[in-house]
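This report concerns only the one structure given below.
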Amino acid sequence: MSNDAVALRSVYFTQSEILDAIESLHCPGGFDADVTYGNGSFYKGRSEPRLKFDIQPLSDGVVRADSGNLPLDKGDAKSIMFDPPFLTYVRAGRDHKAGKVQMTARFGGYWNYSDLQEHYCATISEAARVLDVGGIFVVKCQDIIHNHKMHCTHAMVIQEAQSLGFRLRDLFVLAAKHRMPGPQKGKQRHARIFHSYFLVFERMKDKP
């Protein structure tokens, strides 16, 4: 990097800046696949992924598929973006009932933390199957307070990914000016969460 170049940082206040940094450092040309495509908001102003999947497609060109069970073979994707919902204990919003829980009505969520963990682990395992050596796997996640307990989701994801042959190549923090959404109500017992993570993994050679 020349002295005139602007150094890419690990902390930003906009998602777009983080995606720009990830693309610049690790995914030149953009992301190859998105396994939780949603409404495609990630890709406004940037290249669309070649492969788009979602369990409930919201637009044309998106293939219906669970991120933990993709219709792909080994090496079919060079890079994968995984941005699932990270809200838990959202009974009213789980069925997308308008006016109940605004964030879950829009993006969905999980009954409890074990559901969230199961989804992450299944998708990490599937990414390990689909990506070839050197493939990039990007995971967006947020640590949460659930049932008055701190759940360090980013640490869980790193540990699971490393056990399946990934190495953590980079880590970005998306800082928020306002508290991130989550099931934190009543008397405060924990620091309010004002950040989420983008974890960048590289698929390494399988262990013999």
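- For Q159, the side chain to side chain contact (heavy atoms under 4.5 Å, CB included) test picks out no residue, with sequence neighbours left out.
- One N or O on the side chain of R46 and one on the backbone of S16 form a donor-acceptor pair closer than 3.5 Å.
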Query raised in the report: Yes or no on side chain to side chain contact (heavy atoms under 4.5 Å, CB included) for M156 and C121, after CA distance, side-chain angles and deciding distance?
Result: CA-CA 9 Å; M156 178 273 292; C121 289; 4.1 Å; yes

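- Of the possible polar contacts, none joining the R167 side chain to the R169 backbone as a donor-acceptor pair under 3.5 Å is found.
- A side-chain donor-acceptor contact under 3.5 Å links E126 to the backbone of L70.
- Taken from CD1 in I124 to CD1 in I158, the straight-line distance is 10.0 Å, to the nearest 0.5 Å.
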Report task. Give the C-alpha distance, both sets of side-chain angles, the deciding distance and a yes or no for side chain to side chain contact (heavy atoms under 4.5 Å, CB included) between L72 and F53. Result -> CA-CA 11 Å; L72 298 174; F53 304 97; 3.9 Å; yes

Pairs under 3.5 angstrom only: tabulate donor-acceptor contacts from the side chains of residues 130-137 to other protein residues two or more places apart or in another chain.
none

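- The closest side-chain heavy-atom distance from L8 to S24 is below 4.5 Å.
- Residues Q15 and K140 form a side-chain contact, since some pair of their non-hydrogen atoms from C-beta on lies under 4.5 Å apart.
- Screening V138, L199, V200, V11 for a side-chain contact (heavy atoms from CB on, under 4.5 Å) with F172, the sole residue that qualifies is V200.
- Placement of L19 and F13 in two distinct hydrophobic clusters is found when ILVMFWY residues are connected by side-chain heavy-atom separations under 4.5 Å, directly or transitively.
- In the hydrophobic clustering of ILVMFWY residues, with side-chain heavy atoms under 4.5 Å counting as a link, I22 and Y12 come out together.
- Distance alone, capped at 3.5 Å, places no donor-acceptor pair between the S125 side chain and the A122 backbone.
- Taking 4.0 Å as the cut-off between side-chain N and carboxylate O, D32 and R50 count as a salt-bridged pair.
- A donor-acceptor contact shorter than 3.5 Å is absent between the side chain of N69 and the backbone of D66.
- Between the side chain of D83 and the backbone N or O of T36 there is no donor-acceptor pair closer than 3.5 Å.
- With Y37 as the partner, the ring pair (Phe, Tyr, Trp, His ring centres under 6.0 Å) test is satisfied by one option alone out of Y43, F82, F42: Y43.
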Report task. Kindly determine whether V139 and Y197 satisfy side chain to side chain contact (heavy atoms under 4.5 Å, CB included), including the steps that lead there. Result -> CA-CA 8 Å; V139 180; Y197 298 89; over 6 Å; no

